[in-house]
Novice: 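Following this message is one structure expressed as structure tokens.
Position 1 is the first residue of the sequence; numbering continues from there.
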Amino acid sequence: MASRLDGRDHELIRLDQVTKSYIMGRRELLVLHDVSLSVHDNEYVAIMGPSGSGKTTLMNIIGCLDRATSGSYHLEGEPIDEKSDRDLAKIRCKKVGFVFQTFNLLARTSALRNVELPILYKGGSGRMRRKRALQMLNLLGLGERVKHKPGELSGGERQRVAIARALANHPSLILADEPTGNLDSKTGDEIMHIFADLHAKGNTLIVVTHEQNVATHANRIIKLLDGGVVSDERIERGSRSDV
């Protein structure tokens, strides 16, 4: 896995006065308002807030799954706002790895094939896809489970397959939405230790959660309330060693 530690001062994400609203009949529902923030390479950020605070909407905009109604968003210095849907799909494939609460794995497909899928979308050869997918599954401790389908795996194993899939294309950014929400506390702790290890290796992570014990693994906690940022706290944990 390529380390990004040398570029940790590089600004990866910048949002300026981002607003998101939806039209519900004759009413406009404001979900985000005037959100401005930046995230640099190798940051580990938790976005917290109660249900309805706008945290998942913010993650969807950062991950190019949705568009802001107004304001601007730059990813690796590139303006995202005017991109076509096709361009956004390419950006998601190349630059963003997603980890979801519900895993979002193909039920009838092996762990290996699930991890190969984003590499296929990117255009990698069959040999390269298999080599990379096996590398990621071995990294996550699933080398003996590559032929198993999601229904044959535990919740923790399925989440590790999802993390392996998120890493498959060497993304600039890993986004996780409530990654421990469907796991017991012990398995959830194991997943958070995996995230800490990924961060130590130079990856940039943003985790969306309403759980304080999940957020405290991050080095920075952004709290949302009613669609706006109410606090942005950096947590100093001492220097991390290169891996």
Side-chain angles (χ1 to χ4, degrees), residues 4 7-24 28-101 104 118 121-122 166-167 169-179 195 198-199 202-210 215 218-234:
R4 302 180 189 280
R8 66 175 64 188
D9 292 328
H10 175 257
E11 186 177 71
L12 180 64
I13 291 167
R14 173 169 288 279
L15 291 90
D16 290 303
Q17 296 183 308
V18 163
T19 294
K20 179 65 180 180
S21 61
Y22 298 94
I23 302 299
M24 308 287 288
E28 182 180 26
L29 177 63
L30 185 63
V31 181
L32 293 175
H33 62 86
D34 293 333
V35 172
S36 296
L37 60 88
S38 63
V39 176
H40 289 69
D41 276 341
N42 194 223
E43 281 202 86
Y44 185 173
V45 180
I47 298 177
M48 291 194 72
S51 178
S53 62
K55 58 186 185 296
T56 297
T57 299
L58 178 59
M59 190 202 78
N60 288 342
I61 291 173
I62 292 172
C64 301
L65 292 168
D66 202 354
R67 300 173 184 271
T69 304
S70 63
S72 66
Y73 172 34
H74 288 72
L75 178 61
E76 292 189 321
E78 185 177 7
I80 299 300
D81 312 289
E82 302 302 323
K83 298 289 185 183
S84 67
D85 289 345
R86 185 173 182 178
D87 286 339
L88 290 180
K90 289 179 180 178
I91 290 169
R92 290 194 299 270
C93 182
K94 293 179 180 179
K95 297 185 177 183
V96 186
F98 294 94
V99 180
F100 298 99
Q101 177 178 350
N104 285 16
Y121 290 152
K122 193 177 180 180
L167 295 169
N169 281 334
H170 302 284
S172 305
L173 174 66
I174 300 169
L175 290 177
D177 189 6
E178 301 286 2
F195 282 175
L198 292 174
H199 176 239
N203 291 278
T204 307
L205 292 92
I206 297 179
V207 176
V208 170
T209 183
H210 67 277
N219 292 77
R220 178 180 170 196
I221 300 176
I222 298 172
K223 292 184 179 179
L224 299 183
L225 184 64
D226 298 331
V229 175
V230 293
S231 68
D232 186 345
E233 178 186 5
R234 296 184 184 275

Novice: Considering all heavy atoms of both residues, which atom of Ala68 and which atom of Val18 are nearest to each other, and what is their separation?
Specialist: CB-CG1, 3.7 Å
Novice: Working to the nearest 0.5 angstrom, can you tell me the gap between Leu30 CG and Lys20 NZ?
Specialist: 11.0 Å
Novice: Quick check: closest heavy atoms across Glu28 and Ser21, and the distance to 0.1 Å?
Specialist: OE2-OG, 2.8 Å
Novice: Looking at every non-hydrogen atom in both residues, tell me the closest pair between Val35 and Gly227 and how far apart they are.
Specialist: CG2-O, 3.6 Å
Novice: How far does CG of Leu15 sit from CG of Asp34, to the nearest 0.5 angstrom?
Specialist: 12.0 Å
Novice: Just how far is it from atom OG of Ser231 to atom CD1 of Ile221, taken to the nearest 0.5 Å?
Specialist: 8.0 Å
Novice: How far apart are the C-alpha atoms of Leu173 and Ile62, what are their side-chain angles, what is the distance that settles it, and do they pass the side-chain contact (heavy atoms from CB on, under 4.5 Å) test?
Specialist: CA-CA 10 Å; Leu173 174 66; Ile62 292 172; 3.7 Å; yes
Novice: Can you tell me if Phe100 has over 12 outside heavy atoms packed within less than 6.0 Å of its CZ?
Specialist: yes
Novice: Okay, side chain of Arg92, backbone of Cys64: is any donor-acceptor separation there less than 3.5 Å?
Specialist: yes
Novice: First locate atom CG of Leu224, then atom CG of Leu37, and finally report the distance between them rounded to the nearest 0.5 Å.
Specialist: 8.5 Å
Novice: Between Thr204 and Asn42, is there a donor-acceptor pair closer than 3.5 Å when you use the side chain of the first and the backbone of the second?
Specialist: yes
Novice: Looking only at heavy atoms, which two atoms of Asp81 and Arg67 are closest? And how far apart?
Specialist: O-NH1, 3.4 Å
Novice: Could you go through Val208 and Gln101, starting from their C-alpha distance and side-chain angles, then the distance that decides it, and tell me whether this counts as side-chain contact (heavy atoms from CB on, under 4.5 Å)?
Specialist: CA-CA 10 Å; Val208 170; Gln101 177 178 350; over 6 Å; no
Novice: Please name the pair of heavy atoms, one in Ala218 and one in Ala46, separated by the smallest distance, quoted to 0.1 Å.
Specialist: CB-N, 3.7 Å
Novice: Atom CG of Leu75 and atom CD1 of Ile13: how far apart are they, to the nearest 0.5 Å?
Specialist: 6.0 Å
Novice: Look only at the side chain of Asp177 and the backbone of Thr56, and say whether a donor-acceptor pair between them is shorter than 3.5 Å.
Specialist: no
Novice: Can you tell me if Glu82 has over 12 outside heavy atoms packed within less than 6.0 Å of its CD?
Specialist: no
Novice: Between Thr209 and Met48 (side chain of the first, backbone of the second, donor and acceptor by atom type, cut-off under 3.5 Å), is there such a pair?
Specialist: no
Novice: Are more than 12 heavy atoms, taken from residues, nucleotides or ligands other than Asp226, located less than 6.0 Å from that residue's CG atom?
Specialist: no
Novice: With side-chain contact (heavy atoms from CB on, under 4.5 Å) as the test, would you mind laying out the steps for Asp232 and Arg220 before giving the verdict?
Specialist: CA-CA 7 Å; Asp232 186 345; Arg220 178 180 170 196; 2.8 Å; yes
Novice: Between Lys94 and Glu76, does any NZ, NE, NH1 or NH2 come within less than 4.0 Å of an OD or OE carboxylate oxygen?
Specialist: no
Novice: How long is the gap from OH on Tyr22 to OG1 on Thr69, to the nearest 0.5 Å?
Specialist: 7.5 Å
Novice: For the pair Glu43 (side chain) and Asn219 (backbone), establish whether a donor and an acceptor sit closer than 3.5 Å, ignoring hydrogens and angles.
Specialist: no
Novice: Checking side-chain contact (heavy atoms from CB on, under 4.5 Å) against Leu88, which of Leu65, Ile80, Asp66 comes through?
Specialist: Ile80
Novice: Kindly check if the number of other-residue, nucleotide or ligand heavy atoms within 6.0 Å of NZ (Lys223) is above 12?
Specialist: no
Novice: Any Lys/Arg nitrogen of Glu78 or Lys83 sitting under 4.0 Å from an Asp/Glu carboxylate oxygen of the other?
Specialist: yes
Novice: How far apart are the C-alpha atoms of Val207 and Tyr44, what are their side-chain angles, what is the distance that settles it, and do they pass the side-chain contact (heavy atoms from CB on, under 4.5 Å) test?
Specialist: CA-CA 8 Å; Val207 176; Tyr44 185 173; 3.8 Å; yes
Novice: Looking at every heavy atom in both Ala166 and Pro171, which two are closest together, and how far apart are they?
Specialist: O-CG, 3.2 Å
